[in-house]
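In this chain, numbering begins with 1 at the start of the sequence shown.
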Amino acid sequence: MSSVMLKVEGLTLVSDEGIIVDHLSFHVNAGEIVALTGKSGSGKTSIALSILDLLPAGIRLQEGDIRFSGDPQQEKTLPADSNSWHQLRGAHIGYTQQDAYGAFDPVMTMRDQMMMVIEERTAQRNTGLEHELRTKLEETGLSEIDRLLSSYPHQLSGGQLQRCQIAMALVIRPELLIADEPTSAIDKINQLEMLDILSMLRSKYQMAILVITHEEAVIRHLADREIRLAAVTHDFILPLRSDKKTDAHQGTPVIQARGLAYTHSYGGMMYRSGATIGPLDFDLYQGMWLGVVGESGSGKSTLAQLLVGLYEPLHGKVILDGKEVGFRKSSDVRRLRDKVQLVMQDGRGSLHPFLTIGQILTEISEIGYESLPKGSVVLADSLSEVGLPESILGRSAGQLSGGECLRVSIARAMMMKPEVLICDESTSALDGLSRDSIIDLLVHLMHHRGLAIIFISHDERIIRSLADQVMVMAEGKVVEQGPATQVIRYPTHPVTKRIFTLHATLEERKRL
């Protein structure tokens with residue numbers, strides 16, 4: 001019989017707003033994969049942080065015990081052993097967090113910070129560790145290891161950073177790995193590879209895994225058991241959007257790209273060219289929904305960052321309301337950022353952790369945009385438009401669910417009265433019900449505000465249902481582009497076929 005690695009008994013987590021988790025009990029056996037499921041806001045991540053003894057301010061363990069017995073001779077229990085629990089974190093209990101970008105220091109190269117963590121957790125300092133790290137990075141399916149290690153986190157995709165977290169766990173080899181939504185922020189093709197990696201961790205290294213997920217594929221094909229905190233919406237296929245005439249969009253496009261290209265660099269003073277995206281061409285009209293899909297690392301987020309002026313194009317141009325944007329003119333860049341707003345993948349990570357929601361939204365009206373109305377009534381109205389109560393103005397991002405943080409990010413973007421809203425994997429970390437409610441909100445804003453939407457996603461169901469145009473990216477290039485019904489029904493490129501294959505099982509997707 002397998003020994004119990006982790007045992008949670010009567011766990012009750014509370015905040016000033018009330019009970020978050022109520023008398024939860026479960027266990028994880030050695031070498032077992034257990035899925036912890038539930039809708040957004042059900043307390044899944046709070047449970048993971050309580051196991052790590054890293055609950056944020058405002059949330060506390062009111063009742064219950066957490067026992068870890070990776071080493072039967074050194075069994076520890078929370079809250080009794082809270083003073084020594086830090087010895088377990090990283091070395092014996094690993095954690096890969098949902099916000100892959102937030103897991104890494106933005107001002108350190110990947111090599112420096114990964115080696116720092118590995119050396120600290122293994123209590124070793126030798127050159128052999130870097131060689132092992134390189135081997136494990138390749139084992140997780142990563143390539144161009146020199147470039148990756150010399151890069152900063154913002155120069156990598158969410159999928160690449162997720163694999164880096166796994167690679168560190170492979171080097172450190174904790175007895176228990178807590179994986180918080182490991183497949184939510186990556187495309188379907190990479191999700192399959194991530195499931196294979198997690199399965200390999202269990203079989204090759206006898207690692208117990210507690211995987212927090214709302215993905216039914218993870219539950220069906222990976223987990224030995226499931227702990228369901230609340231009803232999880234099952235996967236479904238949204239109906240294909242009815243044909244729309246492409247000539248219905250008249251007048252001047254809101255935004256255009258012509259030959260748009262960018263090359264990442266790395267190596268600091270030892271400058272080296274990295275991944276390149278482009279050339280890209282598209283026209284986006286008022287009221288149009290452009291779906292951008294592709295594998296992790298294909299350049300989707302780089303495109304979003306180019307369109308809001310975070311990067312200066314190497315070639316090509318962006319045309320806003322018929323006027324070319326001069327990326328070296330501050331007035332042009334400011335005009336671009338007025339009219340094009342970006343809602344990032346990590347709703348919570350894009351909000352200042354030490355400011356209240358009221359302070360975050362107030363900042364928008366204090367940065368020199370005189371046309372913006374001011375006052376608490378305006379803030380309340382902005383929240384009401386995205387379905388949030390005025391009462392959250394006094395709360396911080398850490399006291400909100402992922403779905404609520406995303407709504408705050410949308411409210412902040414809408415305060416700028418944009419013409420274009422770019423959503424970069426914005427719904428990827430949400431359960432089915434929360435995802436659908438956000439999509440309904442975006443559709444409402446598109447029609448009510450006359451927005452053009454660029455929706456970057458690995459969820460083909462959303463693209464299938466709502467996109468007017470689809471752009472498929474692979475290795476930085478557009479491999480297929482056109483009206484949504486044409487691209488989805490008659491795909492020509494292998495990547496497009498894998499993404500939009502209806503009802504495909506995991507095994508069938510691997511064969512495509």
J.: Are Arg412 and Glu363 ion-paired here, with the side-chain N under 4.0 Å from a carboxylate O?
T.: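 No, no charged N to carboxylate O under 4.0 Å.
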
J.: When Arg449 is tested against each of Glu385, His444, Glu419 for side-chain hydrogen bond (donor to acceptor under 3.5 Å, both in side chains), which residue passes?
T.: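 Of all the options given, the one that passes is Glu385.
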
J.: Return the CD1 to CE distance between Ile33 and Met207, rounded to the nearest 0.5 Å.
T.: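 Result: 10.5 Å between the selected atoms.
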
J.: So does Asp283 pair up with Arg258, basic N to acidic O under 4.0 Å?
T.: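 Salt bridge present between Asp283 and Arg258.
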
J.: Does the side chain of Leu260 come within less than 4.5 Å of His315's, by heavy atoms?
T.: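 Not touching, per the 4.5 Å side-chain cut-off.
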
J.: What residue among Lys204, Arg134, Arg163 forms salt bridge (Lys or Arg N to Asp or Glu O under 4.0 Å) with Glu139?
T.: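 When Lys204, Arg134, Arg163 are each tested with Glu139, the salt bridge (Lys or Arg N to Asp or Glu O under 4.0 Å) holds only for Lys204.
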
J.: Hey, does Ser396 have a side-chain heavy atom less than 4.5 Å from the side chain of Thr356?
T.: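 Result no, sub-4.5 Å side-chain heavy-atom pair not found.
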
J.: Less than 6.0 angstrom separating the ring centers of His264 and Tyr311, yes or no?
T.: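 Here the rings of Tyr311 and His264 have centres that are less than 6.0 Å from each other.
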
J.: Looking at Met344, I'd like to know if its CE atom is crowded, meaning that more than 12 non-hydrogen atoms belonging to other residues, nucleotides or ligands lie closer than 6.0 Å.
T.: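 For Met344, atom CE is not crowded (no more than 12 foreign heavy atoms under 6.0 Å).
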
J.: Distance from Leu400 atom CG to Arg395 atom CZ, nearest 0.5 Å?
T.: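 Between Leu400 CG and Arg395 CZ, I get 5.0 Å after rounding to 0.5 Å.
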
J.: Could you report the tightest heavy-atom contact between Gln165 and Tyr95, atom names first, then the distance?
T.: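 Smallest interatomic distance, heavy atoms only, reads OE1-O, 4.0 Å.
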
J.: Please list, chain by chain and in numerical order, all residues satisfying side-chain contact (heavy atoms from CB on, under 4.5 Å) with Gln481, sequence neighbours excluded.
T.: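 Only Phe282, Met471, Val478 meet the side-chain contact (heavy atoms from CB on, under 4.5 Å) criterion with Gln481.
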
J.: Check this for me: does any side-chain nitrogen of one of Arg202 and Asp224 sit under 4.0 Å from a carboxylate oxygen of the other?
T.: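 Salt bridge: yes.
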
J.: Between Ser150 and Thr109, do the side chains contain a donor N or O and an acceptor N or O under 3.5 Å apart?
T.: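 Ser150 and Thr109 do not have a side-chain donor-acceptor pair below 3.5 Å.
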
J.: For the residue pair Val340 and Ile422, establish whether any side-chain heavy-atom pair is separated by less than 4.5 Å.
T.: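 When only atoms from C-beta onward are counted, Ile422 and Val340 do touch, with a gap below 4.5 Å.
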
J.: If you measure from CD1 on Ile410 to CG on Leu421, what distance do you get to the nearest 0.5 Å?
T.: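 Rounded to the nearest 0.5 Å, the CD1-CG separation comes out at 7.0 Å.
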
J.: Using 4.0 Å as the upper bound for N to carboxylate O, is an ion pair formed by Asp338 and Lys417?
T.: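 No salt bridge links Lys417 with Asp338.
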
J.: Would you say that Leu442 contacts Ile453 through its side chain, given a criterion of any heavy-atom pair below 4.5 Å between the two side chains?
T.: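 Touching, per the 4.5 Å side-chain cut-off.
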
J.: Can you find a heavy atom in the side chain of Met473 that is under 4.5 Å from one in the side chain of Val479?
T.: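 Result no, sub-4.5 Å side-chain heavy-atom pair not found.
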
J.: Quick check: closest heavy atoms across Phe455 and Ile463, and the distance to 0.1 Å?
T.: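 Phe455 and Ile463 have their closest heavy atoms at O-CD1, 3.9 Å.
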
J.: Taking atom types as modelled and ignoring hydrogens, do the side chains of Ser437 and Arg407 form a donor-acceptor contact shorter than 3.5 angstrom?
T.: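 Their side chains do contain a donor-acceptor pair, which is all the 3.5 Å distance test asks for.
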
J.: Between Lys477 and Glu475, does any side-chain N to carboxylate O distance fall below 4.0 Å?
T.: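 Salt bridge: no.
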
J.: Ile438 versus Ser426: any side-chain heavy-atom pair under 4.5 Å?
T.: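 Ile438 does not reach Ser426 side chain to side chain.
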
J.: Below 4.5 Å, heavy atoms only, C-beta onward: do Leu142 and Cys164 meet side chain to side chain?
T.: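 Yes, side chains in contact.
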
J.: To the nearest 0.5 Å, what is the distance between CD (Glu425) and NE2 (His458)?
T.: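 Rounded to the nearest 0.5 Å, the CD-NE2 separation comes out at 5.5 Å.
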
J.: Would you please name every residue forming a side-chain hydrogen bond (donor to acceptor under 3.5 Å, both in side chains) with Glu480, sequence neighbours left out?
T.: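 Result, side-chain hydrogen bond (donor to acceptor under 3.5 Å, both in side chains) vs Glu480: Thr492, Thr496.
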
J.: First locate atom CD of Glu295, then atom CZ of Arg498, and finally report the distance between them rounded to the nearest 0.5 Å.
T.: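 The CD atom of Glu295 sits 5.0 Å away from the CZ atom of Arg498.
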
J.: Is any side-chain heavy atom of Lys44 less than 4.5 Å from a side-chain heavy atom of Leu229?
T.: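 Yes, their side chains come closer than 4.5 Å.
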
